[in-house]
Every structure is written in C-alpha cells, then in structure tokens.
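Along the sequence shown, residues are numbered consecutively beginning with 1. Order of listing sets the numbers, starting from 1, for every ligand and every atom in it. Small disclaimer: the values here were computed from a predicted structure and weren't measured.
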Amino acid sequence: MKTSDLFVKALENEGVEYIFGIPGEENLDFLDSLQGSSIKLVLTRHEQAAGFMAATYGRLTGKPGVCLSTLGPGATNFVTCAAYAQLGAMPMIMLAGQKPIRKSKQGRFQIVDIVGLMKPITKYSEQIVDGNNVTSMVREAFRVAMEERPGAAYLELPEDIAEEDTDATIFDVVGHRRPNAEGICIDQAVAMIEEAKLPLLLIGAGANRKRTGEALKSFVDKTGIYFFNTQLGKGVIDERHAQFIGTAALSNHDYLHCAIDRADLIINVGHDVIEKPPFFMEKDGKKVIHINFFAAQIDDVYFPQLNVVGDISNSINQIEKKIKPTKDKDFSFFQRVRDEVDSHITKYFEDERFPMLPQRLVNILRKNLDAKDIVTLDNGVYKIWFARNYKCYEPNTMLLDNALATMGAGLPSAMMAKQLNPDQKVVSINGDGGFMMNSQEIETAVRMGLDLVVIILNDSAYGMIKWKQEGVGFNNFGLDFNNPDFVKYAESFGAIGHRPESHDDFEKMLSSALNSKGVHIIDLPIDYSLNHSILNVLIKESACIV
Ligand SMILES: Cc1ncc(C[n+]2csc(CCOP(=O)(O)OP(=O)(O)O)c2C)c(N)n1
Ligand SMILES: [Mg+2]
C-alpha cells in the first residue's frame, strides 16, 4: 500500500474524526489519500487556528485532536498552539509535510528543522524516514499525546516517503488502566487531613481532565471540608455548592486568600505549577498534599509535603472511605470568607453604566445561559472578572487558558466547543486585541455552519497591559489602537454584526443571537475604569478584614 494511504488508515484506526489545517504541496499525496476517508478535513485560514481547534478537541474529548500543515512556514505557525497544548495538557497531534529527504532539487528552499524546533514544546517530535514505520509511529504519537500528563506531538511525513509503497500493518489501539495510589500514601493523607485544624481543598486542572467531580463532591459532602478552585479547575463541582469559597484568579490578596492564609493544610487535587499559582507556599507555612496523576514538580512557590500519585478519582474515593467525618473542626471562618467573597463578586452585577462593566456582563451571561452551555475566553483582563465572578455549574463549561495564556485561541476554541456540543449554546468572549489575532476564522465558522455568539469587548486597547501598567504606577503609554467597524467586518464574512447602545439593547441582542442560527458578532463597548481601583487597590486593602 502507498505510505500516505496507510497513514490515513492508521489515523482512522485511532478514531480520528477531523483534521484541521492548511495543506501545502508537500501534503498532496496525503490529501489524495484522505479522499474517501471517514476523517473530515476542515480547512482553516491560518494554521494557528487549526492547532487551537485540534488542542481544544483534545481538551474536551481526551482524545488527541489532529491538525495539518505544510513544511517550513506552515509548520512554524504551529509553534504557539504546540505550546498551548503542551502547557495546557491537551492531547494534540500536528502532522506536517517536508521536502523529499532522499533527493531534492530545491536546495534548502523552505526547509526548517521543525522536528528540532518542536522538541522542547512537545512530548514527541519525529520525522517518518521509512514507510514501514508509519503505523508504529502514529500509534506511539497518539499514546504519548494522550497519556497523563497529556500534551502535543509532532509527526512529519516527507514527500518521497508519502508516495513510496509499504507492507507495514496497523497496530491495535491497546490502552491501559491508570495505576492507583498505594495504601500507605492514602493512610498518610488521611492522617494529615484528620490532624489538620483547618484543611481546605483546592481543585485544579487535572480534576477537569478526567471527570473527578462525583468523587470530589461526595468527599466534601462527607467531610464538610470547604473548597476553592484554580481557573482551569472551574466547574468540577457545581460552584453553587454551600462549601465553595471561590476561584483563585489572582495569586494572593484576593478575598478568598483570607481562607487560604488561615488554612493549615491544602489538599490539592489536580493542580500543577504550569497554572498561574492560586497561592504561594512558604517555608514553615501551611502543608500541602499533592493528589495527581504524577508527582509534584517542585518550585519556589510549590513544594508539597506528600504526593498521592495515581488515578485522582480512585485516590479521593480511597481517602473518603477511610476518613472519619469531621466533628472537631470549626469551619465558621471559611463560611464568613465565603459570604464576603459572594457579596464582593456580586456587587456590580446590576450596575447601570454603559459602556458596561465586565461584572455586569458576567451577570447577564450567567442569567442567559443554562448549566451545560459553554463560555470560552481569549486572554485579556476580562479573564480575571470571568474567573472570579462567573459561577460554573458543570465541568468544562468555561474554557479559558491559564497555562500559556495566549491571545488568539478564544475564537477557534469556541468553534471547536460548538462543533462538539451542537445542543449547547457557546459564547466566545474576546478582547478587541485578541479577537483580531485570529478573526479571519469567522469565515471558517460561517463555512462550518456553526451557531455561535462572539462578543468583542471594545476598549480600543490592550487593556490587560494597561491595567498592569497602572498597577505598577507607570504612565499610560503605548497600548491604544483603533478598531475596524466590527459590524461591517462581521457582515463582510456573512456573519451577523450587532452594536448595542444600552444594557437593554445588549440583553435583547444577546438573547435573540443565542436563539437564532449563524455566527453573531457583538461589538460591546466595555468600561475598565474600575479594574485598577478594585483589583489593585480595594481587595488588597480590605480583603483580609473578614
Ligand atoms: C499572543 C500574545 N501576545 C501578547 C500577550 C500579552 N498580553 C496579555 S493580555 C494582552 C492584552 C489583551 O488585549 P485585549 O485582547 O484587547 O483584551 P483586554 O485586556 O483589552 O480586554 C496582551 C498584549 C499574550 N498573552 N499573548
Ligand atoms: Mg482590549
């Protein structure tokens, strides 16, 4: 069989449903082999968007998403999404072409050592140098990308290898059960929790990857232990739960840090140092139990005293079975912090000013979306408001990136979320800076026939950096820009553009957009004037007077 035909069969064998990307002349054999395959090719308008879509596929399904590019310039466009998938623990496979490796008449034209380039930002980066290896290399790339901690893999198929014949055969997909933690570790964890006066549970990214919500909910219900989450751990347990304190969108000095500071033990489930720290550990400070699929990576701000390594749900179930219900612990302080956090985050929920405060936007969205509907975020200062103030009711209903924290992934991740969840409403929140980094994909979204609501928070600036600039006392300089007319821009792609002029306007537009077909783009003027006074000043001054 021709190697490129077998390559496609090997991908089908892995259950691949989509390939996102942009073929080049070096992929033409592969493209030809894709005809008649069950795999759907989705063309994008930039390789970066294809990579973000593939990574989001991996994030939401646990199976690697696949993207395709040509050699050189196409493959270098994958660099940011490789880092996105790798840091965010999203299984993703990048496929690229390459010039013939045996004999080429094009000198070094377009040739870049992509395998070398990808090595530090992937788990696996290889060139296929013989058609007979294609099936084992595909299997290996998928195995490595999927296994905890999941991440990116890169596989390169040179033109001459793609067209040669091979008699290799397909390998069965053989999985394995995740190992469980040892009883000794479980006993140590139980003892530490029972001895602690004020234990607090932290839920991080790993808990969202493997649906550990049920185990964790019965643990908090049995023990009465209060919990908070990281940005990537949002929604693992319904955030309306009576023992939920809040989301750590900042590393210190927020209201919920009163609880973290007072706790003498943090039971950390699924968080690792790739995420912006939800708190800082200090020598001789509180103790931390690290419960994850892998041991803790040590850092100045993170050096847990106990590792419980194994399947997270199983570890939690084992601990829950052995632990005695807590009668001697007084959680009333955590309850007070919880009440304080709640009154603080809801304070501007009905604020009347227009342009609108981000807090009001959070409230309007929460009221208009059902439990399973999905909000995706690009990166900008609004991410802090959404992480802190928007309550998730279900796992993975707020897709944000708190690992690479790149701009430009918001729209592609929303498109993927909608494709995978056609019955759920999906709203994509973007800054005017981040939106423009991949706005060409509106064409892809329209072509895919997606029903999507895209909101652009218009402050004509890189607002996040303005907020940081103000925070350190520098002059306002170098961060303002002009925007296109987003309504006309939307219409030029065949999308539907909206520009509200009041709250009522916005709510009406949002509700009609959510309930109608097509890609809706709402150009929403945003008021960031309280970012500094609340996030830099107020919470530092008042947070710990609970
Ligand atoms: C690709 C990339 N470039 C730069 C940054 C640094 N950065 C983080 S947020 C931000 C500004 C975001 O501006 P915008 O999208 O308009 O959102 P806003 O904060 O104004 O709401 C920048 C430049 C980044 N995270 N990613
Ligand atoms: Mg902006």
Side-chain angles (χ1 to χ4, degrees), residues 46-52 55-56 76-88 121 231-232 249-251 274-276 348 355-362 365 375-390 398-414 427-442 454-472 474 476-486 489 499 506 521-536:
H46 195 297
E47 289 86 355
Q48 196 185 79
F52 288 144
T56 306
T76 55
N77 275 345
F78 276 157
V79 167
T80 305
C81 14
Y84 174 76
Q86 185 76 352
L87 267 67
I121 49 171
Q231 300 189 41
L232 291 172
L250 305 170
S251 297
I274 298 301
E275 235 188 305
K276 184 175 183 184
Y348 291 96
M356 191 185 284
L357 290 181
Q359 297 93 310
R360 176 87 192 252
L361 171 64
V362 165
L365 274 178
V375 176
T376 71
L377 303 182
D378 200 85
N379 270 280
V381 67
Y382 52 87
K383 188 173 84 175
I384 299 177
W385 292 112
F386 273 86
R388 289 169 87 244
N389 299 44
Y390 185 94
M398 172 158 291
L399 296 186
L400 54 76
D401 164 21
N402 192 33
L404 184 66
T406 180
M407 295 162 76
L411 178 60
S413 66
V427 178
S428 165
I429 306 286
N430 308 265
D432 42 8
F435 173 74
M436 288 300 285
M437 287 198 183
N438 269 316
S439 61
Q440 75 286 345
E441 301 306 327
I442 303 169
V454 179
I455 303 179
I456 304 169
L457 309 188
N458 192 333
D459 67 337
S460 297
Y462 294 117
M464 170 87 175
I465 313 302
K466 269 192 156 176
W467 165 61
K468 294 263 177 184
Q469 190 177 50
E470 196 176 356
V472 290
F474 289 146
N476 175 6
F477 172 75
L479 293 164
D480 295 316
F481 49 67
N482 299 323
N483 280 317
D485 180 329
F486 285 122
Y489 190 59
R499 184 174 299 116
F506 173 67
I521 296 187
I522 305 180
D523 176 9
L524 179 69
I526 196 87
D527 180 345
Y528 280 155
S529 61
L530 298 186
N531 287 351
H532 176 70
S533 55
I534 295 179
L535 296 175
N536 290 337

Presence of N, O or S from A461 under 2.8 Å of the Mg ion (ligand 2): yes
Closest candidate by heavy atom, reference atom 25 (N) of ligand 1, pool G434, G431, A405: A405
Pair F481 and Y462, ring centroids less than 6.0 Å apart: yes
Any side-chain heavy-atom pair of F52 and T406 under 4.5 Å: yes
Ligand 1-proximal atoms of L457, by part, heavy-atom distance under 4.0 Å: neither
A461 near ligand 1 by a heavy-atom separation under 4.0 Å: yes
Atom 21 (O) of ligand 1 [closest protein heavy-atom partner, distance rounded to 0.1 Å]: Y528 OH, 2.5 Å
Main-chain N/O of G434 paired to D432 side chain as donor or acceptor, under 3.5 Å: no
Side-chain touch L457/I455, heavy atoms, less than 4.5 angstrom: yes
Which of the ligand 1 atoms, numbered from 1, are nearer than 4.0 Å to a heavy atom of D459: 20 (O)
For G433, atoms of ligand 1 separated by under 4.0 Å from a heavy atom: 14 (P), 15 (O), 16 (O)
Parallel, tilted or perpendicular, as decided by the 30° and 60° cut-offs, for the rings of Y390 and F386: tilted
Which atom of D459 approaches the Mg ion (ligand 2) most closely (N/O/S): OD1
Residues K383 and D401 bridged, charged N to O under 4.0 Å: no
Short N or O distance, M437 and ligand 1, threshold 3.5 Å exclusive: no
Proximal ligand 1 atoms for T406, defined as those under 4.0 Å from one of its heavy atoms: 1 (C), 26 (N)
Name of whichever N/O/S atom of D432 is nearest to the Mg ion (ligand 2): OD1
Element-labelled atoms of ligand 1 that are located less than 4.0 Å from some non-hydrogen atom of D432: 16 (O)
Sub-4.0 Å atoms of ligand 1 with respect to non-hydrogen atoms of G463: 13 (O), 18 (P), 19 (O), 20 (O)
For G380, atoms of ligand 1 separated by under 4.0 Å from a heavy atom: 17 (O), 19 (O)
E441 side chain vs L411 backbone, donor-acceptor pair below 3.5 Å: no
Option whose closest heavy atom lies nearest to atom 7 (N) of ligand 1, chosen from L479, I465, N531: I465
Polar side-chain atom of N430 near backbone of F435 as donor-acceptor pair, under 3.5 Å: no
Residue portion contacting ligand 1 (non-hydrogen atoms closer than 4.0 Å) for W467: neither
Contact atoms of ligand 1, heavy-atom distance to Y382 under 4.0 Å: 17 (O), 21 (O)
More than 12 heavy atoms from other groups under 6.0 Å of CZ on F474: no
Note, I522 side chain near F506 side chain (heavy atom, < 4.5 Å): yes
W385 side chain reached by I534 side chain, heavy atoms, under 4.5 Å: yes
Per-atom contacts of ligand 1 with N379, taking only distances under 4.0 Å to non-hydrogen atoms: 9 (S), 12 (C), 15 (O)
From the candidates M407, Q48, M436, the one that places a heavy atom nearest atom 5 (C) of ligand 1: M407
Pair D527 + R360: basic N to acidic O under 4.0 Å: no
